[in-house]
Visitor: 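Below you will find the structure I want to go over with you.
Convention: sequence-line order gives letters A, B, ...; per-chain numbering from 1.
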2 protein chains.
Amino acid sequence: MRTGKAGRPPQDPARQLARAHRILDAAGELVLRWGYDKTTIDDVATTAGVAKGTIYLHWKTREELFSALLRRERVILLTEVRRRAEDGTGMPGELITLLAGALVERPIMKASLLGDSSVLGKLTRLKRDSDSPTALETHLETYLGELMTYGALRADLTPREHAHILASILYGFMIVPQLLPAGYRLPDARLAELTGDAGGRALTPNAPDAPVTPENARAIARVTLDYVDNALEIAQRKLAASLGDPLGDPLGSKEK
Amino acid sequence: MRTGKAGRPPQDPARQLARAHRILDAAGELVLRWGYDKTTIDDVATTAGVAKGTIYLHWKTREELFSALLRRERVILLTEVRRRAEDGTGMPGELITLLAGALVERPIMKASLLGDSSVLGKLTRLKRDSDSPTALETHLETYLGELMTYGALRADLTPREHAHILASILYGFMIVPQLLPAGYRLPDARLAELTGDAGGRALTPNAPDAPVTPENARAIARVTLDYVDNALEIAQRKLAASLGDPLGDPLGSKEK
DNA sequence: AAATGACCAGATACACACATCCAGTCAAAC
DNA sequence: GTTTGACTGGATGTGTGTATCTGGTCATTT
């Protein structure tokens with residue numbers, strides 16, 4: 001039994017949640033069309049078919065609303081990656097392909113990763129600072145360290161360097177198409193493939209050097225799924241915190 | 001031996017050229033310190049120890065002055081790359097290492113590549129459009145095509161894709177350090193190494209697949225040096241055009 | 001002739017008043 | 001209890017007159 005929530009369910013929580021998602025749908029649509037700076041709460045309310053005040057029953061401030069949107073995007077992205085990673089090998093190149101593939105399909109996440117101020121406006125830098133930075137990177141380096149012990153990553157680089165390479169390749173491949181004249185762009189799927197390919201080649205030992213034993217291969221797949229699961233779980237927890245509690249909730253009041 | 005201020009050396013082209021370089025030195029120093037937008041012609045003149053009008057004996061407009069600066073930077077960069085490439089193999093990874101290594105040492109070139117508006121201000125987009133784009137990329141794809149025929153590049157990618165990968169990796173590795181907290185950064189030399197390493201692995205066939213014959217290796221080294229030479233030559237020609245002719249020069253007179 | 005720096009005009013920054021917009025509130029209607 | 005939407009105040013734009021700055025010129029100096 002996992003009910004957890006002490007206190008009283010005010011009305012129909014499922015209905016509330018559905019409404020929150022409708023509002024986020026509207027916010028997402030508008031932020032893509034006009035950008036964060038030009039998207040007003042009134043717009044969001046109208047598009048979502050609720051009154052403005054209702055939005056403030058869900059989130060205390062405009063910024064919290066969009067923070068929830070970003071968190072939901074992250075959960076969707078990770079869920080998708082997790083789903084596609086399900087029966088993969090967990091090798092870096094493969095995971096990067098999945099990640100890149102999911103990213104090119106989620107413009108808001110891509111904008112968040114790239115710090116694209118034409119979409120996220122003033123929200124751009126904020127997320128970078130507050131949310132993920134140290135925690136995510138610590139988890140990442142731990143995960144990379146594990147991969148190294150199983151021979152999935154080159155032994156001649158430090159975890160720090162692996163992380164650096166990973167970030168550079170992912171960032172580079174995601175941003176370069178935006179700098180190129182439209183005619184030069186590759187199809188999204190191809191871009192994702194090449195990203196994973198480049199990442200895999202940069203991070204992975206040369207095949208003959210150190211063949212991965214079957215049990216190591218299994219371990220690699222496992223720790224990879226564990227890592228994605230963990231990231232997803234954290235993201236889900238944060239999203240729940242951003243969605244749950246309409247203002248009055250006694251638990252949420254002292255939060256943060 | 002005096003000529004402190006009222007010296008009138010009739011007209012010594014070499015002396016003129018030296019003065020142009022002194023002015024560019026000053027401009028480079030100031031643009032790095034304060035950025036393009038805040039660097040005034042008066043500043044440059046004072047720092048270079050000449051009068052403002054003198055600068056206009058060399059360049060018709062402020063923009064031409066900075067264009068010359070950028071062109072000189074490019075020539076210096078390419079000269080350095082050319083020098084270091086002299087007795088190399090011409091394989092992609094190696095060349096990328098050289099290029100990245102030269103880039104991290106030349107902040108202005110790096111800013112130009114990355115479109116860093118904190119340094120180049122309003123000049124940022126201009127260069128991108130006017131100078132290099134199509135010509136450079138055509139030459140690049142030709143060169144990549146040649147490399148492919150000699151087996152220096154993977155045969156399962158198109159030249160276009162090779163160019164895309166190259167750009168992504170170079171851009172990613174150069175820009176990521178600026179986004180990271182200072183503590184995470186790798187030493188410049190290591191960064192250049194890793195860039196070339198990643199580029200080489202992404203673009204180069206796996207060793208056992210198709211061993212490069214000695215004569216192909218020689219051809220690769222040759223076309224690489226040719227490519228760099230050609231790029232350098234073009235850059236030098238453009239620089240000469242930006243430096244030469246103090247306005248009166250008969251050759252340059254058809255300007256505007 | 002070569003170099004200078006005082007000079008000019010146009011651009012840019014600043015300061016202020018005024019209009020507009022919009023996040024967030026809350027009394028009233030369900 | 002839940003939802004609404006008119007309302008408010010602080011913030012953000014806009015217009016304008018003024019001051020300052022700075023790219024570029026050119027008569028003067030050496």
Visitor: Ignoring hydrogens and angles, state whether a donor on the side chain of Thr40(A) or Asp42(A) is under 3.5 Å from an acceptor on the partner side chain.
Guide: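 On atom types as modelled, these side chains do not qualify, holding no pair under 3.5 Å.
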
Visitor: Looking at dT4(D), I'd like to know if its phosphate oxygens (OP1 or OP2) sit under 4.0 Å from a side-chain N or O belonging to Thr54(A).
Guide: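 Yes, Thr54(A) has a side-chain N/O under 4.0 Å of OP1/OP2 on dT4(D).
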
Visitor: Please tabulate, one pair per line, all N/O donor-acceptor pairs under 3.5 Å involving side-chain atoms of residues 78-85 of chain A, not counting sequence neighbours.
Guide:
from, atom 1, to, atom 2, distance (Å)
Thr79(A), OG1, Val75(A), O, 2.6
Glu80(A), OE2, Arg83(A), NH2, 2.9
Glu80(A), OE2, Arg84(A), NE, 2.7
Glu80(A), OE2, Arg84(A), NH2, 3.0
Arg82(A), NH1, Asp229(A), OD1, 2.4
Arg82(A), NH1, Asp229(A), OD2, 2.6
Arg82(A), NH2, Glu86(A), OE1, 3.4
Arg82(A), NH2, Glu86(A), OE2, 2.4
Arg84(A), NH2, Glu105(A), OE1, 3.2

Visitor: What is the separation between atom CH2 on Trp59(A) and atom C1' on dT3(D), rounded to the nearest whole Å?
Guide: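 That distance rounds to 15 Å.
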
Visitor: With the threshold set at 4.0 Å, does a side-chain nitrogen-carboxylate oxygen contact exist between Arg72(A) and Asp25(A)?
Guide: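 The answer is yes: the pair qualifies as a salt bridge.
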
Visitor: How many Å lie between CG on Leu65(A) and C1' on dC22(C), as a whole number?
Guide: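 Interatomic distance, CG of Leu65(A) to C1' of dC22(C): 14 Å.
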
Visitor: Is Arg19(B) close enough to dA3(C) that one of its side-chain N or O atoms is under 4.0 Å from OP1 or OP2 there?
Guide: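 Yes, Arg19(B) has a side-chain N/O under 4.0 Å of OP1/OP2 on dA3(C).
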
Visitor: So which heavy atom on Ala20(A) is nearest to which on Leu243(A), and how close?
Guide: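 Minimum heavy-atom contact is CB-CD2, 4.1 Å.
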
Visitor: Identify which nucleotide among dT4(C), dT3(D), dA3(C) has an atom closest to any side-chain atom of Gln16(B), counting heavy atoms from C-beta outward.
Guide: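 Between dT4(C), dT3(D), dA3(C), the one nearest the side chain of Gln16(B) would be dA3(C).
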
Visitor: Pick the closest DNA chain D nucleotide for Lys38(B) and for Val50(A) by heavy atoms, then say which residue is nearer the 5' end.
Guide: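 Looking at the nearest nucleotide for each, Val50(A) comes out on the 5' side.
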
Visitor: Enumerate the ring pair (Phe, Tyr, Trp, His ring centres under 6.0 Å) contacts for residues 99-118 of chain B, please, sequence neighbours excluded, ordered by first and then second residue.
Guide: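 Output for this query is empty, none listed.
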
Visitor: Rounded to whole angstroms, how far apart are CD1 on Ile23(B) and P on dA3(C)?
Guide: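 Result: 10 Å.
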
Visitor: Using whole Å, report how far CG of Leu57(A) lies from C1' of dA23(C).
Guide: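 In whole Å, dA23(C) C1' lies 15 Å from Leu57(A) CG.
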
Visitor: Protein-nucleotides 23-26 of chain D N/O pairs closer than 3.5 Å?
Guide:
from, atom 1, to, atom 2, distance (Å)
dG23(D), OP1, Arg62(B), NH1, 3.3
dG23(D), OP2, Ile41(B), N, 2.7
dG23(D), N7, Lys52(B), NZ, 3.0
dG24(D), OP2, Tyr56(B), OH, 3.2
dG24(D), OP2, Arg62(B), N, 2.4
dG24(D), N7, Lys52(B), NZ, 3.3
dG24(D), O6, Lys52(B), NZ, 2.5

Visitor: Just checking, any donor-acceptor pair under 3.5 angstrom between side chains of His58(A) and Arg19(A)?
Guide: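 Yes, a side-chain donor-acceptor pair sits under 3.5 Å.
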
